[in-house]
2 protein chains.
Amino acid sequence: MPPLYQKIADDLREKIRRGELRAGDRLPTEPQLQEQYGVSRNTVRLATAQLVNEGLVESIPGRSGGIFVRERITLTFHASRAEFPTGAYAETDAWRSEVADQGHEASQEFDLRIEALPAELAQRLGVEVDSHAAVRRCVRFVNGQASSVQDTYYPMDLCQRVTELLSPRDVPQGTTRLLASRGYEQVAYEDEILARMPTPAEAQLLDLPPGTPVLLYIRTGFTNERAVRVSVTSFAGDRNRLAYTLGDSAVIGRFRDREEEPH
Amino acid sequence: MPPLYQKIADDLREKIRRGELRAGDRLPTEPQLQEQYGVSRNTVRLATAQLVNEGLVESIPGRSGGIFVRERITLTFHASRAEFPTGAYAETDAWRSEVADQGHEASQEFDLRIEALPAELAQRLGVEVDSHAAVRRCVRFVNGQASSVQDTYYPMDLCQRVTELLSPRDVPQGTTRLLASRGYEQVAYEDEILARMPTPAEAQLLDLPPGTPVLLYIRTGFTNERAVRVSVTSFAGDRNRLAYTLGDSAVIGRFRDREEEPH
DNA sequence: GAGTGGTCTAGACCACTAA
DNA sequence: TAGTGGTCTAGACCACTCC
């Protein structure tokens, strides 16, 4: 026999799944749930806490507050399209236009810092573990809400040869083209993708409700001679999707007539 | 001023981060934490519940139980290598040998069912929404623990032409080769990747502790004529990583000397 | 038997915000 | 002002499992 709070959570989850409670709807208040299920307030709170942790609902305090079924929009980031020379735009513009294509408003904020390179990133860049790097951070906003944060690490020796990398502003033509024009053309990328719960810093920056994972996307870029940069992107897991196209992409275009909902 | 339980959680999290508490270590017991911080048991439990939800610790009841710092091993699944004709093995063998290369023991279980095709998958396959599909399920185990579950959906009309797809057993040469040998060579794949909290069914199947997301990996396979299958893989988010290689992979091989820890 | 975490109650005070 | 969720206390009984 499952515990009471579990049964209450199951019941509410089922109501959401069946559409009896829909995105944006308010659940019964805590006193109402106490009465409906004949339990104490703490038990009700154990149930709703579970739904919050699953990312299904969100609780908002105050007179007009309550517990609400969360809604979600999902953006698709086409990782296999980004940053290849065939692209007509800089990578940031590619992102911007991709968001616009999906019917939303895009903006981004840059900054630059110099930092000691974390060991696992130094390894990817093939440089010494105690070396430093220029970190270009790009926080991307969709409809005014932070959606992802990307930190791109460039080894310092490279920055000394391509000093524009140390500009605290966006590089108009894009850093990929900038590097290519200086003889550092990236010919291969290695991407790694993980899912985990956010750090408190990520949760704050991306305004993630409890129970929302981040999709972590790590791209290492290589010229024929060396690794030139590694970028670490944290996507808000409830609002983003990554996409890759492998093989003959013309085939896929022929069959695409969708922009479907997440699974 | 953050609430008390928040400060306790922050304190414990920081001890874990600094290495004062390491993977496998036991946290102080609830009565000990009550005394240390001078709070009630419920407050202690609010703090530890938060760490559990972040996936940092795991609580085990019983006389020899306690709250333990979780350890994690991370496997890498090379999505861009899998299932291309250059591969010497069937995809399941490729997975098996990849796990073995990473120093672990691999096993898997198959079953087959016939199911109505969920709308979002019918769309990917370009078939009618009320049609059925053969679903081949493969649960993959690493060191005896379920690590991922993959459901591959084949439209029924295809199964009628390639009846081996309806076998409830593993297909020895792999379904990709089987299909290719019958004139359905997959020439392109479209991959989608999402992160979300598990459904209760996934949490049970993958034995996921609270606070562990799943990494969802959806691959649609295309021949020159049509989409022939879509597979949906749920990876336990705390134990898996996806990898893609884009561009000239020989370049990357030249620089690879790692099998590093997750970020 | 004794100590662990799991569940549950009853009641209190708080901050916030629309009415 | 009244109602929402957020925090916190004190105490109870339970199941489980090593000693």
Side-chain angles (χ1 to χ4, degrees), chain A residues 1-12 16 21 24-70 200 203-204 207-212, chain B residues 1-12 16 21 24-70 200 203-204 207-212:
Chain A
M1 196 60 170
L4 285 178
Y5 79 89
Q6 192 59 255
K7 291 174 66 171
I8 298 173
D10 290 347
D11 190 41
L12 292 171
I16 293 168
L21 289 165
D25 284 357
R26 200 181 76 166
L27 268 58
T29 65
E30 290 184 351
Q32 285 169 344
L33 290 171
Q34 281 183 64
E35 233 230 300
Q36 277 181 36
Y37 294 100
V39 295
S40 75
R41 188 170 170 220
N42 265 355
T43 303
V44 165
R45 284 182 65 79
L46 283 175
T48 55
Q50 189 175 68
L51 298 180
V52 168
N53 284 329
E54 291 171 7
L56 275 182
V57 304
E58 173 175 27
S59 76
I60 296 173
R63 176 73 170 80
S64 66
I67 299 174
F68 296 88
V69 180
R70 280 173 52 186
Q204 202 213 342
D207 193 25
L208 296 175
T212 309
Chain B
M1 195 60 170
L4 285 178
Y5 80 90
Q6 192 60 254
K7 290 173 66 171
I8 298 172
D10 290 347
D11 190 39
L12 292 171
I16 293 169
L21 290 165
D25 285 357
R26 201 181 77 166
L27 269 58
T29 65
E30 290 183 349
Q32 286 169 344
L33 289 171
Q34 280 183 62
E35 233 231 300
Q36 277 181 35
Y37 294 100
V39 296
S40 74
R41 187 168 169 222
N42 264 356
T43 303
V44 165
R45 284 183 64 78
L46 282 174
T48 56
Q50 189 176 68
L51 298 181
V52 168
N53 284 327
E54 291 171 9
L56 276 182
V57 302
E58 174 175 25
S59 77
I60 295 173
R63 176 71 169 80
S64 65
I67 298 173
F68 296 88
V69 179
R70 280 173 53 186
Q204 202 214 339
D207 192 25
L208 296 174
T212 308

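Lettering of chains follows the sequences in order, A, B, ..., and the numbering in each one begins at 1. A quick note: this is a predicted structure, and the numbers were derived from the prediction, not measured.
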Would you call [X] and [Y] a side-chain contact if the rule is heavy atoms closer than 4.5 Å?
X     : Y     : value
B:D11 : B:Q36 : no
B:L12 : B:L56 : no
B:Y37 : B:T43 : no
A:L27 : A:V69 : yes
A:L33 : A:T48 : yes

Counting only side-chain heavy atoms from C-beta out, which of [options] sits nearest to [X]?
X     : options              : answer
A:S64 : C:dC8, C:dT17, C:dT4 : C:dT17
B:P31 : D:dC8, C:dG5, C:dC8  : C:dG5
A:R41 : C:dC8, C:dG5, D:dG5  : D:dG5
B:R45 : C:dG11, C:dT7, C:dT4 : C:dT7
A:E30 : C:dC8, D:dG5, C:dG6  : D:dG5

Nearest-Å distance, [atom1] ([X]) to [atom2] ([N])?
X     : N      : atom1 : atom2 : value
B:N42 : C:dC8  : CG    : C1'   : 9 Å
B:E35 : C:dT4  : CD    : P     : 13 Å
A:Q32 : D:dG3  : CD    : P     : 12 Å
B:Y37 : D:dC8  : OH    : C1'   : 17 Å
A:Q34 : C:dT9  : CD    : C1'   : 10 Å
B:L33 : D:dC8  : CG    : C1'   : 16 Å
A:I8  : C:dT9  : CD1   : C1'   : 13 Å
B:I60 : D:dA15 : CD1   : C1'   : 16 Å

(request) Mark yes or no for whether A:R26, through its side chain, and A:G65, through its backbone, hold a donor-acceptor pair below 3.5 Å. (result)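 Pair found, side chain donor or acceptor close to backbone of A:G65.
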
(request) Give a yes or no answer on whether the side chain of B:Q6 reaches the backbone of B:P3 with a donor-acceptor pair at less than 3.5 Å. (result)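 Judged by distance alone, no pair lies under 3.5 Å.
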
(message) Just to be sure I understand the geometry, which residues of residues 46-56 of chain A put a non-hydrogen atom under 4.0 Å away from DNA chain C?
(response)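 None, since no heavy atom is under 4.0 Å.
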
(request) Establish, with yes or no, whether the OP1 or OP2 oxygen of D:dG6 is under 4.0 angstrom from a side-chain nitrogen or oxygen of A:S59. (result)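 Indeed, a polar side-chain atom of A:S59 lies that close.
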
(message) By nearest heavy atom, map B:G62 and A:V44 onto DNA chain C; which one lands nearer the 5' end?
(response)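 Looking at DNA chain C, the more 5' nearest nucleotide goes with B:G62.
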
(request) Using the closest heavy atom to pick a nucleotide of DNA chain C for each, name whichever of A:R63 or A:Y5 lands nearer the 5' end. (result)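 Upstream on the strand: A:Y5.
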
